[in-house]
Amino acid sequence: FVFLAGPLYAEDPWILVDSKSKTLQVFKDGGVLMRYENVSTGRNGVADIRFEGDNSTPTGQYRVTWINRNSEFQIFFGLNYPNKEHAEFALRKRLINVDTYYKILKAEFRHSVPPQNTVLGGQIGIHGLGDKTNLSVHQNFNWTRGCIALTNEQIHSLDRLIKIGTKVYIH
């Protein structure tokens with residue numbers, strides 16, 4: 001067995017969203033490929049567990065599972081939220097039933113979109129401003145219902161760097 005390292009096995013880009021510094025960074029091969037400043041998160045900040053309608057951004061590890069390039073927010077990179085960790089918590093607390101739990105696990109196993117209509121909410125992703133969001137609001141407030149928002153220019157730049165399956169870490 002021979003272990004090969006180097007360009008042949010270069011890592012895929014991955015994303016780190018830092019809610020405190022309001023940045024989104026794209027990493028590749030051990031370095032920062034791109035850094036976006038002044039990103040917005042949910043109106044009520046970040047939370048370990050998000051619930052439908054609470055306007056918080058869930059922390060944790062995700063993957064991009066779908067992309068809508070015709071979104072009202074320019075481009076929408078949908079994340080696999082809720083994921084296994086959220087489903088386990090919700091099942092323990094009896095917030096979801098076993099059927100919903102297994103649907104979330106099945107989606108995670110298949111790298112597909114989990115149920116989006118649970119008590120945990122859904123439709124969490126990274127998106128642009130679209131045509132309706134004022135840039136000054138974006139620059140001064142966390143305004144989303146739980147997503148991570150970039151400017152339209154930033155989201156188009158990010159679109160060239162990531163794809164379905166890209167890992168996203170939010171903290």
Side-chain angles (χ1 to χ4, degrees), residues 14-26 36 38-134 137-138 140-152 154-155 158-159 162-171:
W14 58 276
I15 293 173
L16 174 64
V17 177
D18 185 331
S19 62
K20 286 189 176 39
S21 66
K22 297 184 64 140
T23 59
L24 183 151
Q25 296 179 88
V26 180
Y36 301 100
N38 208 25
V39 303
S40 291
T41 57
R43 292 178 193 144
N44 290 326
V46 296
D48 292 338
I49 295 292
R50 178 188 190 276
F51 294 97
E52 177 64 36
D54 74 1
N55 293 320
S56 66
T57 300
T59 58
Q61 177 182 332
Y62 306 95
R63 286 190 182 271
V64 174
T65 53
W66 53 283
I67 301 171
N68 178 359
R69 289 189 174 87
N70 294 312
S71 165
E72 68 178 295
F73 297 107
Q74 296 283 316
I75 301 171
F76 190 99
F77 296 102
L79 303 180
N80 64 323
Y81 178 86
N83 64 20
K84 179 183 172 192
E85 289 75 27
H86 300 105
E88 288 172 350
F89 170 85
L91 185 64
R92 277 194 314 274
K93 298 290 186 180
R94 297 185 178 151
L95 300 171
I96 61 172
N97 61 31
V98 172
D99 184 52
T100 301
Y101 173 76
Y102 282 117
K103 286 178 182 176
I104 294 169
L105 292 186
K106 183 178 175 182
E108 185 139 338
F109 178 76
R110 292 183 173 178
H111 302 289
S112 62
V113 180
Q116 297 292 287
N117 58 348
T118 73
V119 69
L120 298 168
Q123 300 292 319
I124 298 297
I126 302 169
H127 61 70
L129 300 180
D131 297 330
K132 298 177 185 172
T133 307
N134 185 307
V137 168
H138 175 74
N140 293 296
F141 301 100
N142 285 323
W143 59 272
T144 75
R145 290 177 287 192
C147 293
I148 292 97
L150 305 169
T151 66
N152 292 337
Q154 291 170 330
I155 200 70
L158 184 64
D159 189 31
I162 67 171
K163 61 186 181 191
I164 290 179
T166 298
K167 291 180 185 176
V168 178
Y169 300 90
I170 302 171
H171 74 88

Which heavy atom of [X] sits nearest to which heavy atom of [Y], and what is that distance?
X      : Y      : answer
Thr118 : Pro82  : OG1-CG, 4.1 Å
Ala149 : Trp143 : CB-CZ2, 3.4 Å
Glu52  : Arg50  : CA-NH1, 4.1 Å
Tyr81  : Gln116 : O-NE2, 2.9 Å
Glu108 : Lys84  : OE1-N, 2.8 Å
Asn152 : Leu129 : OD1-N, 2.8 Å

Measure the CG-SG distance between Leu79 and Cys147 for me, rounded to the nearest 0.5 Å.
->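 Answer rounded to 0.5 Å: 8.0 Å.
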Once you round to the nearest 0.5 Å, how far does CG of Asn70 lie from CD1 of Ile67?
->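 One gets 12.0 Å once the value is rounded to the nearest 0.5 Å.
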Worked check of side chain to side chain contact (heavy atoms under 4.5 Å, CB included) between Thr100 and Val119 | CA-CA 10 Å; Thr100 301; Val119 69; over 6 Å; no
Asp48 atom CG: more than 12 heavy-atom contacts under 6.0 Å |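 No, the 6.0 Å shell around CG holds no more than 12 heavy atoms from other groups.
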Evaluate whether atom CZ of Arg145 has more than 12 neighbouring non-hydrogen atoms of other residues, nucleotides or ligands under 6.0 angstrom away.
->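 No.
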Less than 4.5 Å apart, side chain to side chain, heavy atoms only: is that true for [X] and [Y]?
X      : Y      : result
Val26  : Tyr36  : yes
Asp159 : Phe77  : yes
Pro115 : Ile104 : yes
Asp131 : Gln74  : yes
Ile15  : Ile148 : no
Asn142 : Lys22  : yes
Thr151 : His138 : yes
Phe109 : Leu105 : no

Stepwise side chain to side chain contact (heavy atoms under 4.5 Å, CB included) check, Phe51 with Leu120 = CA-CA 4 Å; Phe51 294 97; Leu120 298 168; 4.1 Å; yes
Main-chain N/O of Gly42 paired to Thr57 side chain as donor or acceptor, under 3.5 Å |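 Yes; at least one donor-acceptor contact below 3.5 Å.
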With side chain to side chain contact (heavy atoms under 4.5 Å, CB included) as the test, would you mind laying out the steps for Ile49 and Glu85 before giving the verdict?
-> CA-CA 9 Å; Ile49 295 292; Glu85 289 75 27; over 6 Å; no
Going by the angle between their ring planes, with limits at 30° and 60°, are Phe76 and His127 parallel, tilted or perpendicular?
->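 Phe76 vs His127 ring planes: parallel.
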Could you check whether the rings of Tyr62 and His86 sit parallel, tilted or perpendicular, using 30° and 60° as the cut-offs?
->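 It falls in the parallel class, under 30°.
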